[in-house]
Amino acid sequence: MSISIHNEIEIEVSSRDLYNYVTQPWLWHEWHPASQSARAAHSYLATGDEFTEVVEIQPLVPLFPSMTRNITYSVTESVPFHTWEAEGQIKDGLIRLRYDFEEKGGVTFFSRSMDLDATGFTRILLPLLKLRMEKLSMIALTRLKEKMQEKRDES
């Protein structure tokens, strides 16, 4: 069983600045509430590079305990300032993240897609997880926009 979540937002920042920020998974915890930490061997992740992330999500607040997952990703596409995609492996499924960037007049149209194909216990919780993940994804993009505006104002 799988789910897909797609979000879009316009951010008043160059695609270069946004790309350089969101393609650094070790910074995701600054804007995505589910991301706890991430590590990579390289400071710039190109196609073929790998990284790990720890995520934590509570499927149905407050009824279920939080689920923590360690994800090992491989970057499958990296076109600077335009597209970035990574596929990840968790103990009970596969995840794919895709970021698309389109800049027009100092504003970047940012698109974030996440596909999750789950097995085992996670598959049973998938309908609840989808609702929670949709909410967290909207919070994440709002926080990302705020973070980028702070960075722009600091420059």
Side-chain angles (χ1 to χ4, degrees), residues 1-11 13 15 17-102 108-148:
M1 178 179 268
S2 63
I3 60 170
S4 293
I5 297 172
H6 181 82
N7 299 94
E8 301 170 348
I9 194 167
E10 290 182 8
I11 303 176
V13 66
S15 60
D17 289 346
L18 185 59
Y19 181 94
N20 287 337
Y21 181 70
V22 299
T23 60
Q24 296 182 40
W26 46 92
L27 298 177
W28 289 352
H29 72 278
E30 294 181 355
W31 57 275
H32 200 293
S35 185
Q36 301 301 301
S37 65
R39 294 191 176 166
H42 308 286
S43 58
Y44 171 81
L45 296 174
T47 302
D49 288 339
E50 294 185 349
F51 64 97
T52 59
E53 180 190 25
V54 177
V55 297
E56 184 176 282
I57 187 167
Q58 191 169 6
L60 188 59
V61 178
L63 298 180
F64 290 106
S66 295
M67 297 172 59
T68 301
R69 294 292 184 265
N70 295 306
I71 308 171
T72 301
Y73 289 95
S74 178
V75 178
T76 56
E77 184 176 0
S78 178
V79 181
F81 325 128
H82 297 285
T83 304
W84 190 83
E85 184 174 287
E87 291 183 358
Q89 178 75 44
I90 54 178
K91 72 176 185 178
D92 47 4
L94 301 170
I95 188 167
R96 183 180 68 84
L97 296 174
R98 181 176 175 91
Y99 297 161
D100 290 295
F101 309 79
E102 183 180 350
T108 299
F109 181 77
F110 177 62
S111 169
R112 179 182 183 273
S113 299
M114 189 217 50
D115 299 312
L116 174 64
D117 187 18
T119 61
F121 182 68
T122 301
R123 183 176 184 188
I124 295 167
L125 294 177
L126 213 48
L128 298 175
L129 280 171
K130 182 176 182 183
L131 293 173
R132 186 68 178 141
M133 291 167 79
E134 286 173 335
K135 183 175 182 175
L136 291 177
S137 290
M138 292 186 65
I139 291 168
L141 288 192
T142 299
R143 288 172 64 179
L144 175 61
K145 183 173 184 169
E146 291 168 357
K147 192 71 159 167
M148 294 310 298

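FYI, side chains are in, hydrogens and waters are out, and symmetry mates aren't considered; it's all heavy atoms of this structure.
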TODO: Could you tell me whether the side chain of Ser111 reaches within less than 4.5 Å of the side chain of Glu8, counting heavy atoms only?
DONE: yes

Task: Closest heavy-atom pair and its distance - Ile11, Met148 - done: CG2-CB, 3.8 Å

- [ ] Output the distance between atom OG1 (Thr108) and atom CG (Asp100), rounded to the nearest 0.5 Å.
- [x] 12.0 Å

- [ ] Indicate yes or no for a side-chain donor-acceptor contact from Ser113 to the backbone of His6 under 3.5 Å, with no hydrogens or angles considered.
- [x] no

Task: Heavy-atom donor-acceptor pair, Thr72 side chain to Gln89 backbone, under 3.5 Å - done: no

- [ ] Report the distance from atom CG of Asn20 to atom CH2 of Trp84, rounding to the nearest 0.5 Å.
- [x] 12.5 Å

- [ ] Answer yes or no: is there a side-chain heavy-atom contact under 4.5 Å between Arg69 and Ile95?
- [x] no

Task: Short N-O contact, Asp115 and Arg98, less than 4.0 angstrom - done: no

Name each donor-acceptor pair under 3.5 Å that joins a side chain in residues 38-50 to protein atoms two or more places apart or in another chain, with its distance.
from, atom 1, to, atom 2, distance (Å)
Thr47, OG1, Ser78, N, 3.2
Asp49, OD2, Ala46, N, 2.8

Open item on the list: Is the shortest side-chain heavy-atom distance between Gln36 and Thr68 below 4.5 Å?
Closed with: no

Task: Minimum-distance pair of heavy atoms, taken over all atoms of Gly88 and Ile71 - done: CA-CG2, 3.9 Å

Task: For Leu131, all residues meeting side chain to side chain contact (heavy atoms under 4.5 Å, CB included), sequence neighbours excluded - done: Glu134

Task: Test item: Leu129 and Met67 side chains (from C-beta on) under 4.5 Å apart, heavy atoms - done: yes

Task: Arg123, CZ: over 12 other non-hydrogen atoms inside 6.0 angstrom - done: no

- [ ] Search all heavy atoms of Phe101 against all heavy atoms of Val22 and return the closest pair with its distance.
- [x] CZ-CG2, 3.5 Å

Open item on the list: Please check: side-chain N/O of Thr23 versus main-chain N/O of Tyr19, any donor-acceptor pairing under 3.5 Å?
Closed with: yes

Open item on the list: Is there a side chain to side chain contact (heavy atoms under 4.5 Å, CB included) between Leu126 and Leu116? Walk through the geometry before answering.
Closed with: CA-CA 9 Å; Leu126 213 48; Leu116 174 64; 3.7 Å; yes

Task: CD1-CE distance between Ile3 and Met133, expressed to the nearest 0.5 angstrom - done: 4.5 Å

TODO: Hey, could you give me the CZ/OG1 distance between Arg96 and Thr76, rounded to the nearest 0.5 Å?
DONE: 7.5 Å

Open item on the list: Is a donor from one side chain sitting under 3.5 angstrom from an acceptor on the other, for Ser35 and His29?
Closed with: no

Open item on the list: Can you confirm whether Val13 sits close enough to Tyr21 that some side-chain heavy atom of one is under 4.5 Å from a side-chain heavy atom of the other?
Closed with: no

Open item on the list: With heavy-atom distances below 4.5 Å as the criterion, would you say the side chains of Met138 and Asn7 are in contact?
Closed with: yes

Task: Separation between CG of Leu136 and CZ of Arg143, rounded to the nearest 0.5 Å - done: 9.5 Å

- [ ] Evaluate side chain to side chain contact (heavy atoms under 4.5 Å, CB included) for Tyr99 paired with Arg112, printing each intermediate quantity in order.
- [x] CA-CA 5 Å; Tyr99 297 161; Arg112 179 182 183 273; 3.4 Å; yes

Task: Contacts of type ring pair (Phe, Tyr, Trp, His ring centres under 6.0 Å), residue Tyr73, not counting sequence neighbours - done: Phe51

Task: Any side-chain heavy-atom pair of Leu144 and Ile9 under 4.5 Å - done: no

- [ ] Measure the spacing between CZ of Arg132 and CD of Gln58 and express it to the nearest 0.5 Å.
- [x] 7.0 Å

